[in-house]
Amino acid sequence: MTDATQQSLNNLIPLTISSDLGGLRLDVALQRLLPEHSRSRLQAWIKSGLVTVDGQPSTSKTKVWGGEKVLVDVQVKPETYAFTAQDIPLDIVYEDEHILVVNKPAGMVVHPAAGNWEGTLLNALLFHAPQLHDVPRAGIVHRLDKETSGLLVVAKTLSAQTNLVRQLQARTVKREYRAIVWGQLWRNGVVDQPLGRDPRSRTKMAINRMGKPAVTRYEILERFSVQTYLRCNLETGRTHQIRVHMQHLKAPLVGDPVYGFRGIVPIRAMTQTLRDAVSQFNRQALHAIKLGLVHPATNEFMEWQIELADDMKVLLEAMRHEDVRDDEEDFELSMEPYLSDEDYEYDDEDLFDDGDEEDDADLDLEDDA
């Protein structure tokens, strides 16, 4: 970083064009004075009026002759804050010197990515445990989708991280979820379908014969008039695994805007109370309720279980007041998604897809649910 940048105040950098830059275009002269910024970025700032010459806006093609007073309003890239500690409250379920188990709320992104450079679980972890700056990806070894709530384990040391990754690779980490789906499932079962990128939309996953193996076991806990409450256990941890597997059963998660079906909500079959509860539920109904693993330091098997998320409790109570249907008639489902492919929001899928496949394979960062 140049001396001029270090002297900046509130992102404003005062510069004086030296005589040896006389005759150059403004953007070229600025690139010589601020080499840490690309010429295209400087041109964009000039075009946006963020650069003044002797107090006046200018253009990139303006010639400078030396002695001009230039003020540059540096725009910091949002990703600059990706690994910045932020004082964000954490619901810590367990912590010792080796691991930390946290109850992630719905709406929190686990790791910074495009569109979510701040306010993530990683930012909160770095504030809570500053030593995580020395652990790759702040100790994160698996993830939950932004709108999925529940338990996550974080490694506080490099050795603990390596151990947990090996447990994930060996599929010995126990992960139990609770899900509320549309329709009535009538028997327990297992979905063994490989998952890969949807060929029509890279931000989505789909059943893909060329994808990675994915196994989800599900058990019916309660059956209601138009929904079913499930226990789901993961044998693998693929991106959006439960969401895609439930879609495969034609029983998509309540509130899922990506893997739901158009017209799935059977309005006429619900009371007004349930309609209101469903309309106010603004995420996929999925909660990581139980987590079990071998402690990386003591080799003792440990297990944690939390309560169901409050918003899912409210939804369940509304469902319990409905009359259960006596028939096994399936809803007529359209295979059309709620949104067109280009409308899907890119949240935290591929958070670690940084082009370094070998590094990602070593860590085997899993995308639970």
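Values below: all heavy atoms of this structure, side chains included; hydrogens, waters and symmetry mates excluded. For reference, positions follow the sequence shown, starting with 1.
The closest side-chain donor-acceptor pair between Gln280 and Arg275, if any, does not fall under 3.5 angstrom. Side-chain atoms of Ser159 and Thr162 include no donor-acceptor pair closer than 3.5 Å. Using a 3.5 Å distance cut-off with no hydrogens or angles, the side chains of Gln241 and Thr216 do pair a donor with an acceptor. In this structure, a donor-acceptor pair under 3.5 Å is absent between the side chains of Arg243 and Thr148.
Under the 30°/60° scheme for interplanar angles, the aromatic rings of Trp304 and Tyr94 are found to be tilted.
Looking at residues two or more places apart in sequence or on another chain, you find a salt bridge (charged side-chain N to carboxylate O under 4.0 Å, His left out) between Glu235 and Arg217. Residues satisfying the ring pair (Phe, Tyr, Trp, His ring centres under 6.0 Å) criterion with Phe301, sequence neighbours excluded, are absent altogether. Here Asn282 pairs with nothing under the side chain to side chain contact (heavy atoms under 4.5 Å, CB included) rule; sequence neighbours left out. Contacts of Ser48 classified as side chain to side chain contact (heavy atoms under 4.5 Å, CB included), with partners at least two apart in sequence or in another chain: Leu50. Applying the salt bridge (charged side-chain N to carboxylate O under 4.0 Å, His left out) rule to Glu307 yields the partners Lys313; only residues at least two apart in sequence or on another chain are considered. Residues satisfying the salt bridge (charged side-chain N to carboxylate O under 4.0 Å, His left out) criterion with Glu68, sequence neighbours excluded, are absent altogether. By the ring pair (Phe, Tyr, Trp, His ring centres under 6.0 Å) test, His98 is found to be paired with His295, residues two or more places apart in sequence or in another chain being considered. Remark: Trp65 pairs with no residue by the ring pair (Phe, Tyr, Trp, His ring centres under 6.0 Å) rule, at least two apart or across chains. Shown here are the side chain to side chain contact (heavy atoms under 4.5 Å, CB included) partners of Thr271, two or more places apart in sequence or in another chain: Thr273, Leu274, Glu322.
For the pair Val181 and Val254, the tightest heavy-atom approach, listed with the atom from each and the gap, is C-CG2, 4.0 Å. Between Ile306 and Asn103, the shortest heavy-atom contact is CD1-OD1, 3.4 Å. Closest non-hydrogen pair, Ala269 versus Val226, comes out as CB-CG1, 3.7 Å. Contact record, Ala106 with Ser149: N-CB, 3.8 Å, taken as the closest heavy-atom pair.
Of the candidates Asn233, Leu144, Leu168, Arg175 forms a side-chain contact (heavy atoms from CB on, under 4.5 Å) with just one, namely Leu168. When each of Val64, Thr52, Val51, Asp54 is tested with Val70 by the rule side-chain contact (heavy atoms from CB on, under 4.5 Å), just one qualifies, namely Val51. Among His245, His248, His240, Lys204, the single residue meeting the side-chain hydrogen bond (donor to acceptor under 3.5 Å, both in side chains) criterion with Tyr259 is His240.
Remark: Leu195 CG to Met210 CE distance equals 14.5 Å, nearest 0.5 Å. Expressed to the nearest 0.5 Å, how far CG of Leu26 lies from CD1 of Ile46 amounts to 4.0 Å. Note that CD1 of Ile180 and CG of Leu253 are 9.5 Å apart. Values are rounded to the nearest 0.5 Å. With values rounded to the nearest 0.5 angstrom, Leu42 atom CG is found 8.0 Å from Ser40 atom OG. For the atom pair CG of Leu316 and CG of Asp311, the computed distance is 10.0 Å after rounding to the nearest 0.5 Å.
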* To do: Step by step, work out the side chain to side chain contact (heavy atoms under 4.5 Å, CB included) result for Leu230 and Leu221.
  => CA-CA 5 Å; Leu230 301 176; Leu221 297 178; 5.9 Å; no
* Asked: Stepwise, does the side chain to side chain contact (heavy atoms under 4.5 Å, CB included) test hold for Leu234 with Ile242?
  -> CA-CA 8 Å; Leu234 296 183; Ile242 293 176; 3.6 Å; yes
* Pair Leu293-Thr172, side chain to side chain contact (heavy atoms under 4.5 Å, CB included): steps then yes or no -> CA-CA 7 Å; Leu293 51 85; Thr172 58; over 6 Å; no
* Check step by step if side chain to side chain contact (heavy atoms under 4.5 Å, CB included) holds for Glu176 and Arg231. => CA-CA 7 Å; Glu176 180 181 314; Arg231 172 188 290 121; 3.1 Å; yes
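You'll find the side chain of Val74 reaches within 4.5 Å of the side chain of Trp45, heavy atoms only.
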Please tabulate, for side-chain N and O atoms in residues 27-35, each donor-acceptor pair with protein atoms closer than 3.5 Å (sequence neighbours left out).
from: Asp27; atom 1: OD1; to: Arg25; atom 2: NE; distance (Å): 3.1
from: Asp27; atom 1: OD2; to: Arg25; atom 2: NH2; distance (Å): 2.8
from: Asp27; atom 1: OD2; to: Arg39; atom 2: NE; distance (Å): 3.3
from: Asp27; atom 1: OD2; to: Gln43; atom 2: NE2; distance (Å): 2.7
from: Gln31; atom 1: NE2; to: His37; atom 2: O; distance (Å): 3.4

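Separation of the Phe83 and His111 ring centroids falls under the 6.0 Å cut-off.
Alongside Val190, the hydrophobic cluster contains Val215 (criterion: ILVMFWY side chains under 4.5 Å).
Applying the salt bridge (charged side-chain N to carboxylate O under 4.0 Å, His left out) test to pairs two or more places apart or on separate chains, those with a residue in residues 88-103 are Glu95-Lys156.
With hydrogens and angles ignored, the 3.5 Å screen pairs no side-chain donor or acceptor of Asp145 with any backbone N or O of Glu147. One N or O on the side chain of Gln161 and one on the backbone of Pro136 form a donor-acceptor pair closer than 3.5 Å. When atom types are taken as modelled, the side chain of Gln184 and the backbone of Arg223 share no donor-acceptor pair closer than 3.5 angstrom. Gln86 places a side-chain N or O within 3.5 Å of a backbone atom of Gly119 that can act as its donor or acceptor partner. A donor-acceptor pair is defined here as one N or O able to donate and one able to accept, closer than 3.5 Å; such a pair exists between the side chain of Lys104 and the backbone of Lys146.
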